[in-house]
Amino acid sequence: MTSKQRIRHIVKWIKQYATKNKISTLVVGISGGIDSSVVSSLCAETGLKTIVVQMPIRQNRKLDNRSSMQAGWLLKRYKNVTHMSMDLTPVFTAFEKKTDPFCGEIDAAQVNLAFANSRARLRMMTLYQIAQSHMGIVVGTGNRVEDFGVGFFTKYGDGGVDISPIGDCMKTAVWDMGREFGLPQEIIDAAPTDGLWDDGRTDEGQLGMTYPELEIMMQLDEAGFDPAPKDRGKMKQYRAIRARNLHKMVPIPVCLILE
């Protein structure tokens, strides 16, 4: 499937879902990254009312600038797009001050990771407040590698969505769609990042692997093939990341009562 065909297919899928469920508004959080830029463009292409929401929390200025760039790009091309921008830093800071004393003498890195995930959950709450107020739905921006390969998302954060248009698309396919749309080159070239850290750390820096490497290992693993000897370390690394995040990618365990 070409990028143009993939875009057409996804746009049709979103419209069919919206029609079937009587949805008139699509709400997307934009971060300045390729995934949210492509998803917001796909939503705009449907012709449905599309609200794109910028939610910086102590945001790296480059990321926030790219979010504004994407919003401007959409507004210039689509009359059905509305842009909302709200700085959630004061809300997060208040939450941080309120909960930090209850974390006790715990490992600082673990506490910081918990607060990073809380940023994603605060954004999720914001998107749902807007979506429900406008009788709309929250549209997810996760790709197949993140959502079903290594689980690189926040449970009940950016993983808390109503539909997932690019959930079956590899990251490289998302980049290709971005080029097909003609998105700003700065967004296409930017190193992927989850935007949850003050230091602007990248996905590759956190995962220790590039997305093309992750895709290859994911495809080999799913097909039951072993990698070449030189790539066995990468496969081991991929499987380790997947194993520790698998709880995000499977249904919530339910204790069955057998009577």
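Just so you know, these numbers come straight off a predicted model, no measurement behind them.
- Side-chain atoms of Ser36 and Gln70 form no donor-acceptor pair, as typed in the model, at a separation below 3.5 Å.
- Ion pair Asp231/Lys234 not flagged as a salt bridge, since none of the NZ, NE, NH1 or NH2 atoms sits closer than 4.0 Å to an Asp/Glu carboxylate oxygen.
- A cation-pi contact, defined as under 6.0 Å to the ring centre and within 45° of the axis, is absent between Lys15 and Trp13.
- Residue Leu113 belongs to a hydrophobic cluster whose other members are Leu196, Trp197, with links defined by side-chain heavy atoms closer than 4.5 Å.
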Handout entry: Test salt bridge (charged side-chain N to carboxylate O under 4.0 Å, His left out) applied to Arg201 and Asp194, step by step
Key = CA-CA 8 Å; Arg201 63 189 68 178; Asp194 56 18; over 6 Å; no

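- Across all their heavy atoms, Gly136 and Ile23 have their closest contact at CA-CG2, 4.4 Å.
- Taking a 4.5 Å side-chain heavy-atom cut-off between Ile, Leu, Val, Met, Phe, Trp and Tyr, the cluster of Val250 extends to Phe153, Leu246, Met249.
- From Glu146, atom CD reaches atom CG of Asp35 across 5.0 Å, with rounding to the nearest 0.5 Å.
- With respect to the salt-bridge test (charged N to carboxylate O, under 4.0 angstrom), the residues Arg144 and Glu222 qualify.
- For the pair Thr172 and Pro212, the tightest heavy-atom approach, listed with the atom from each and the gap, is CG2-CG, 4.4 Å.
- Ionic pairing of Asp158 and Arg123 is not present here: no N-O contact between side-chain nitrogen and carboxylate oxygen is shorter than 4.0 angstrom.
- Shortest non-hydrogen contact noted between Val161 and Gly140 is CG1-CA, 3.3 Å.
- A salt bridge does not link Asp226 with Arg232: every distance from a Lys NZ or Arg NE/NH1/NH2 to an Asp or Glu carboxylate oxygen is 4.0 Å or more.
- In this structure, Pro192 and Thr202 have side chains that are not in contact, with every pair of non-hydrogen atoms separated by 4.5 Å or more.
- Here the shortest heavy-atom pairing between Cys169 and Met177 reads SG-CE, 4.0 Å.
- Stacking of Arg119 on the aromatic ring of Phe92 is recorded, both the 6.0 Å distance cut-off and the 45° axial limit being met.
- Pairing each heavy atom of Val28 with each of Thr141, the nearest pair is CG1-CG2, 3.9 Å.
- Around atom CD of Gln219, more than 12 heavy atoms belonging to other residues, nucleotides or ligands sit under 6.0 Å away.
- No side-chain donor-acceptor contact under 3.5 Å links Glu204 to the backbone of Ala191.
- Counting heavy-atom neighbours within 6.0 Å of Gln129 CD, excluding the residue itself, gives a total of 12 or less.
- Considering every non-hydrogen atom in both Val138 and Ala131, the closest pair reads CG2-CB, 3.8 Å.
- Ion pair Glu45/Arg77 not flagged as a salt bridge, since none of the NZ, NE, NH1 or NH2 atoms sits closer than 4.0 Å to an Asp/Glu carboxylate oxygen.
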